[in-house]
Every structure is written in C-alpha cells, then in structure tokens.
*Asks:* 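Please see the structure below; I have some questions.
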Amino acid sequence: MLSGVMGIRAVATALVLAVALAGCSSTDTGAGPGQLDPTTSPPAPSEQSQIYSAALHHLILVDNPFAKAPTPVGYVYLVDGPASRSSEMLIVADGLQFDADLKNEITAQAVDLPPVEFVAEPQLRARSARLGLTGVDNDGVIVGLAPVERQDDGTVHVGAGLWCGIDCGLGLTYVLDHADGQW
C-alpha cells in the first residue's frame, strides 16, 4: 500500500508541475500593471512631425548645398521652435519651442540622418568665421523649419533653411503632398 501512495504522490506532483509549466508558457502577452503591452504598436507620429521630417530628410539628403550623396553633414542642429523666415536664411526661432512629443517624433523619424539635436540658441553652435562645412560644430548644419502652411489644393508649404558657414547655406520652401499615407 505504501508504494501505491508514493505512486499517487508522484503522479500528483508531476501533474502540478505540468500545470505550472503550462502556465509559464502561456501565450498571453497582456501587460501587467505599469507595463506597456508589447502586442500594441506605438501610436503613429503626428502629421506635423511627418511633414517636418519629410522636409528635413529632403533638405539633408537631397538638397544639401554640397551636391553630394551621401551627405557629408556630421550633425544636424535643429532650431527648437518654428522659424518663420528660414527659407529666407534667417534661421532663428520666432515662436515657442516645439513640445517634447513633437521633438521625440521628429528624432525617431530621423534614424537615417546624422544625429539631430534641438537647439534654442543656434548661434552657440556657429563658427561664423569658418568657411564651408566647418562653420558649425561637428561638421554640422543649423536648420530652421517654418510653420506648416496649408494650401487650398491640399498641399502644405514648409520653409526650410540650412546654414553651414559664412559661405555655405541654403533656403527653400518645400511643397509637400500627402500620397499613399506619406508626405
């Protein structure tokens, strides 16, 4: 009889262990309190950050004043706030600083660009006596983006200015259209 009790205990122990292991291997990915649910994707970036990111990408990767691909820019110092006259090469903020969410979204969309840093005082990064790409710290550029201007035809206009030294800069207005979910 003793061996029968031992056999039942062994089976019961094995059954409890099997249930415990099955619980550990559950495919339930629900998040616990204070945790992010890994099954949900992050929210889509705001339209404003997508528009600014599209203009920034084109400015740095395509329209850079060095006529080179890949761009030789080592760092992007982005003026922290709308700079309404950026396309006229007056690259200073004339509005409130961008909010943290917008800056985070633009930075997240800039993974294929040189490092991007928001600066409230871009003149602190400028070396105005230097020529060419040496006019900004870290072989960088100072970029200003104007407020987004919506047009009647559904496009948006974004002024963009890039300064890289006493003889180096570019001012443009981008006309962006929303097509296939992209700006």
*Asks:* Answer yes if the side chains of Ser84 and Asp94 hold a donor-acceptor pair under 3.5 Å, and no otherwise.
*Replies:*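 There is such a pair (donor and acceptor under 3.5 Å, judged by atom type) between the side chains of Ser84 and Asp94.
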
*Asks:* Can you name the nearest heavy-atom pair linking Pro114 to Ile60, along with the distance?
*Replies:*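 Result for this residue pair: CD-CG2, 4.0 Å.
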
*Asks:* Return yes if some donor-acceptor pair links the side-chain N/O of Thr155 with the main-chain N/O of Gln151 below 3.5 Å, else return no.
*Replies:* no

*Asks:* For Pro65 and Gly169, which heavy atoms make the closest approach, and how far apart are they?
*Replies:* CB-O, 4.2 Å

*Asks:* Would a hydrophobic clustering, with Ile, Leu, Val, Met, Phe, Trp and Tyr connected at side-chain separations under 4.5 Å, put Val79 with Tyr75?
*Replies:*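 Per the 4.5 Å side-chain linkage, Val79 and Tyr75 are co-clustered.
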
*Asks:* Identify whether Val116 and Leu102 are in the same connected component of the hydrophobic contact network (ILVMFWY, side-chain heavy atoms under 4.5 Å).
*Replies:* yes

*Asks:* Side chains of Leu170 and Leu59: does their closest heavy-atom pair fall under 4.5 Å?
*Replies:* yes

*Asks:* Measure the OG-CH2 distance between Ser86 and Trp163 for me, rounded to the nearest 0.5 Å.
*Replies:*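 Spacing of OG (Ser86) from CH2 (Trp163) equals 14.0 Å.
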
*Asks:* Between His58 and Tyr174, is the ring centroid distance below 6.0 Å?
*Replies:* yes

*Asks:* When rounded to the nearest 0.5 angstrom, what is the spacing between CG in Asp137 and CG in Leu124?
*Replies:* 9.0 Å

*Asks:* Evaluate the side-chain contact (heavy atoms from CB on, under 4.5 Å) criterion for residues Leu61 and Asp112: first the C-alpha distance (whole Å), next the side-chain angles of each, then the deciding distance (0.1 Å), finally the verdict.
*Replies:* CA-CA 9 Å; Leu61 299 177; Asp112 56 338; 4.2 Å; yes

*Asks:* How about Val136 and Arg127: do any of their side-chain heavy atoms sit closer than 4.5 Å?
*Replies:* no

*Asks:* Locate the shortest heavy-atom distance separating Cys164 from Gly140; write the atom from each residue and the value.
*Replies:* CB-O, 4.1 Å

*Asks:* Would you call Ile51 and His178 a side-chain contact if the rule is heavy atoms closer than 4.5 Å?
*Replies:* no

*Asks:* Of all heavy-atom pairs between Ala110 and His57, which one has the smallest distance, and what is that distance?
*Replies:*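 Where Ala110 meets His57 most closely, the heavy atoms are CA-CE1, 4.1 Å.
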
*Asks:* Would a line drawn from the ring center of Tyr77 to the ring center of Phe118 be shorter than 6.0 Å?
*Replies:* no

*Asks:* Counting N and O atoms only, with roles assigned by atom type, does the side chain of Asp139 sit under 3.5 Å from a partner on the main chain of Pro72, one being a donor and the other an acceptor?
*Replies:* no

*Asks:* Supply the atom-to-atom distance Ile106 CD1 to Ser46 OG, rounded to the nearest 0.5 angstrom.
*Replies:* 7.5 Å

*Asks:* Any non-hydrogen side-chain atom of Val143 less than 4.5 Å from a side-chain atom of Leu56?
*Replies:*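 The answer is yes; the side chains approach within 4.5 Å.
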
*Asks:* Please tell me whether Val158 and Leu172 are part of a single hydrophobic cluster in this structure, the criterion being side-chain heavy atoms less than 4.5 Å apart.
*Replies:*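 Yes, Val158 connects to Leu172 through the hydrophobic network.
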
*Asks:* Assigning hydrophobic clusters by single linkage (Ile, Leu, Val, Met, Phe, Trp, Tyr; side-chain heavy-atom cutoff under 4.5 Å), is Leu90 placed with Val141?
*Replies:* no

*Asks:* For the residue pair Pro45 and Gln50, what are the closest heavy atoms and their distance?
*Replies:* O-NE2, 2.7 Å

*Asks:* For residues Ala93 and Asp80, report the shortest heavy-atom separation together with the two atoms involved.
*Replies:* CB-O, 4.1 Å

*Asks:* Report yes if the side chains of Val119 and Arg125 come closer than 4.5 Å at any heavy-atom pair, otherwise no.
*Replies:*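 Sidechains of Arg125 and Val119: in contact.
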
*Asks:* For a 4.5 angstrom cut-off between non-hydrogen side-chain atoms, does Leu78 reach Glu117?
*Replies:*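 Not touching, per the 4.5 Å side-chain cut-off.
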
*Asks:* Return the CD to CG distance between Gln97 and Asp99, rounded to the nearest 0.5 Å.
*Replies:* 10.5 Å

*Asks:* CH2 of Trp183 to OG of Ser49: how many Å apart, nearest 0.5 Å?
*Replies:* 12.0 Å

